[in-house]
Amino acid sequence: MVVSNKSALGIIFPNNYDALVPELVSIRSMASIPFASRYRMIDFILSSMVNCDIDNIVIPVNSNYHSLMDHLGTGREWDLTRKNGGLHIFPPYAEKSNKVYNGRIGTLANLLPFLREQKEHYVIMADSSIAVNFDFNKMIDEHIESGADVSIAYCEKELPEYLMRTQDNSRGFHYTFTLDKGRINHIYVNPRVTGVQNYSMNIYVLERELLINMINTAFVRGMEHFNRDVLLNQLSWRNVHGYKYDGYTARITGMKSYFDENLKLLDDYNLNALFEGMPIYTKIRDDNPTRYINGAKVSNVMCADGCVIEGEVENSVLFRGVKVEKGAVVKNCVLMQDTVVEAGANIDYLITDKNVRVSAGKEMKGTDSFPVYVAKGHTV
């Protein structure tokens, strides 16, 4: 039985970084992108909140949210089917006053009536573009101890090459910052610098009443982005604290990073680092265990339930219900749910969306730097 934590309300943004992977989000949001064989991206932040006894969670969706709503349902798998609190999904037209919003400020402005009615003292905000097993209680404790107005989680790592090459802001914003004794004294917007940086994870903790006041003020002034338009201009007089996170993170910043982050989990060290400690929950699909038929050759593969392997599979991630027929060769691939690789096909460095069929005898090969993507439902 989960012990309710009445001090924190969770807000997860499912659409903020959709533009980074336009191929994958044409039919879904960033939050519902399949990841790590059986999960969706939102499962990691959502499960982390539930594991920290946060049982009042808001998901304000903007577009392409049918897949996400189907995945989350009533929140039963996360123990969020409740009379008080639980899972709240806010479509953009849930009320007459709502509209399709732009940026975190517009999203939160649409939530203000709901936020005013809640009882929690703190709000935790997070994006769904990062897979992480996060202890929010530790962050809240450090936030309280530091006496900060706002705390932002960060990790020390180099910026992804893909973001460094982006020439405009059409695919969103990323942030780094400098600190002085734990206090953030400057925020950099879309920096293009090499070396290890204090790379923001876009996870925030602040008091609910403070958030309401900040959003009220920012929205009437036409501001859109919480970091760029609000916090950046308040660093001189507001105490913004940096919370360093040393655990494993898998961040999606493009198709190449999506491919790489999935294949990194074939290394037991990375897999254990992401999943050790608190459990990650996801939607249940009742299916048989993976079956390896006589003659199958399998090496360094992550397989979900329901797969049937008759051919050769090496260094690949297979989602639920994937079938590799006799004589087929699959190497260095990420095959999403119910993909079928027919007999004699040969694929290498391929990403297939759901319900893709690779015809018998076909050969498709990408490269390590440019994996080939096949859209949902296509036959090649």
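Just the heavy atoms: all of them, side chains too, but no hydrogens, waters or symmetry mates, feed the values below.
R76 and D79 are not joined by a salt bridge, as no carboxylate oxygen comes within less than 4.0 angstrom of a charged side-chain nitrogen. A salt bridge between K256 and D260 is present, with a side-chain N of the basic residue lying under 4.0 Å from a carboxylate O of the acidic one.
Formation of a donor-acceptor pair under 3.5 Å by the H71 side chain with backbone atoms of M69 is not found in this model. For E325 (side chain) and A343 (main-chain N/O), a donor-acceptor pair under 3.5 Å exists by modelled atom type. Here the side chain of N64 pairs a donor or acceptor atom with the backbone of V25 at under 3.5 angstrom. Listed for the D70 side chain is no donor-acceptor partner under 3.5 Å among the backbone atoms of H66. A donor-acceptor pair is defined here as one N or O able to donate and one able to accept, closer than 3.5 Å; no such pair exists between the side chain of S369 and the backbone of T367. With hydrogens and angles ignored, the 3.5 Å screen pairs no side-chain donor or acceptor of D348 with any backbone N or O of K365. Between the S67 side chain and the R28 main chain, no donor and acceptor come within less than 3.5 Å of each other. Although no hydrogens or angles enter the test, the distance criterion places no donor-acceptor pair under 3.5 Å between the side chain of N202 and the main chain of D127.
Rounded to the nearest 0.5 angstrom, S129 OG and Y17 OH are separated by 6.0 Å. Taking CZ of F226 as the start and OH of Y175 as the end, the distance is 10.5 Å to the nearest 0.5 Å. One finds the CG atom of L115 at 9.5 Å from the CD atom of E209 (value rounded to the nearest 0.5 Å). For the atom pair I280 CD1 and N51 CG, the distance stands at 6.5 Å (nearest 0.5 Å). The CG atom of L263 sits 11.0 Å away from atom CG of N270, with the distance rounded to the nearest 0.5 Å. Rounding to the nearest 0.5 Å gives a distance of 10.0 Å between SG of C155 and NZ of K244.
Under a hydrophobic clustering in which Ile, Leu, Val, Met, Phe, Trp and Tyr are joined whenever their side-chain heavy atoms come within less than 4.5 Å, directly or via other members, I293 and V322 fall into different clusters. There is no path of hydrophobic side-chain contacts, each under 4.5 Å, that joins L265 to L335. The hydrophobic cluster containing F35 does not contain V374, counting ILVMFWY residues as joined when their side-chain heavy atoms lie under 4.5 angstrom apart, directly or transitively. Connection of W78 to F136 is established within a shared hydrophobic cluster, with ILVMFWY side chains joined at heavy-atom distances below 4.5 Å, either directly or through further cluster members. Hydrophobic clustering (side-chain heavy atoms under 4.5 Å, transitive across Ile, Leu, Val, Met, Phe, Trp, Tyr) groups M41 together with L20.
When side chains are defined from C-beta on, H121 does not count as touching R208, because their heavy atoms never get closer than 4.5 Å. Taking the side chain as every heavy atom from C-beta outward, V132 and I45 approach each other to under 4.5 Å. Side-chain contact between F134 and M49 is absent, with no heavy-atom pair separated by less than 4.5 Å.
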Working for side-chain hydrogen bond (donor to acceptor under 3.5 Å, both in side chains), residues D149 and N239:
CA-CA 5 Å; D149 298 314; N239 184 357; 5.8 Å; no

Does I215 form a side chain to side chain contact (heavy atoms under 4.5 Å, CB included) with L211? I'd like the steps, not just the answer.
CA-CA 6 Å; I215 298 307; L211 177 64; 3.8 Å; yes

Derivation and outcome, side chain to side chain contact (heavy atoms under 4.5 Å, CB included), residues I33 and V21
CA-CA 10 Å; I33 290 176; V21 280; 3.7 Å; yes

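Nearest approach of T339 to T352, heavy atoms of both residues: OG1-OG1, 2.8 Å. Annotation for R40 and T282: closest pair N-OG1, 4.4 Å, computed over non-hydrogen atoms. Listed here is the closest heavy atom pair of V193 and L159: O-CD1, 4.0 Å. Of all non-hydrogen atoms in T249 and E261, the two that sit nearest each other are O-OE1, 4.3 Å. Considering all non-hydrogen atoms of both residues, I12 and S128 come closest at CG2-CB, 4.3 Å. The nearest pair of heavy atoms linking T178 to N198 is CA-ND2, 4.2 Å.
No option in D43, D287, D305 other than D305 meets the salt bridge (charged side-chain N to carboxylate O under 4.0 Å, His left out) test with R38.
In the model, N300 has a side-chain atom that pairs as donor or acceptor with a side-chain atom of N315 under 3.5 Å. With 3.5 Å as the limit, one finds no donor-acceptor pair spanning the side chains of Y248 and N272. Side-chain polar atoms of E120 and N56 form a donor-acceptor pair below 3.5 angstrom. Judged purely by distance below 3.5 Å, without hydrogens or angles, the side chains of D180 and N185 never pair a donor atom with an acceptor atom. Side-chain contact annotation: Q337 with N355, donor-acceptor N/O pair under 3.5 Å absent. A donor-acceptor pair shorter than 3.5 Å can be found between the side chains of N15 and D18.
In this structure, Y245 has its ring center no closer than 6.0 Å to that of Y154. Residues Y39 and F44 bring their aromatic ring centres within 6.0 Å. Aromatic pair Y243/H241: ring centres not closer than 6.0 Å. Not less than 6.0 angstrom separates the ring centroid of H186 from the ring centroid of F177.
Annotation: cation-pi geometry not satisfied between R104 and Y204 (NZ/CZ under 6.0 angstrom from ring centroid, within 45° of ring axis).
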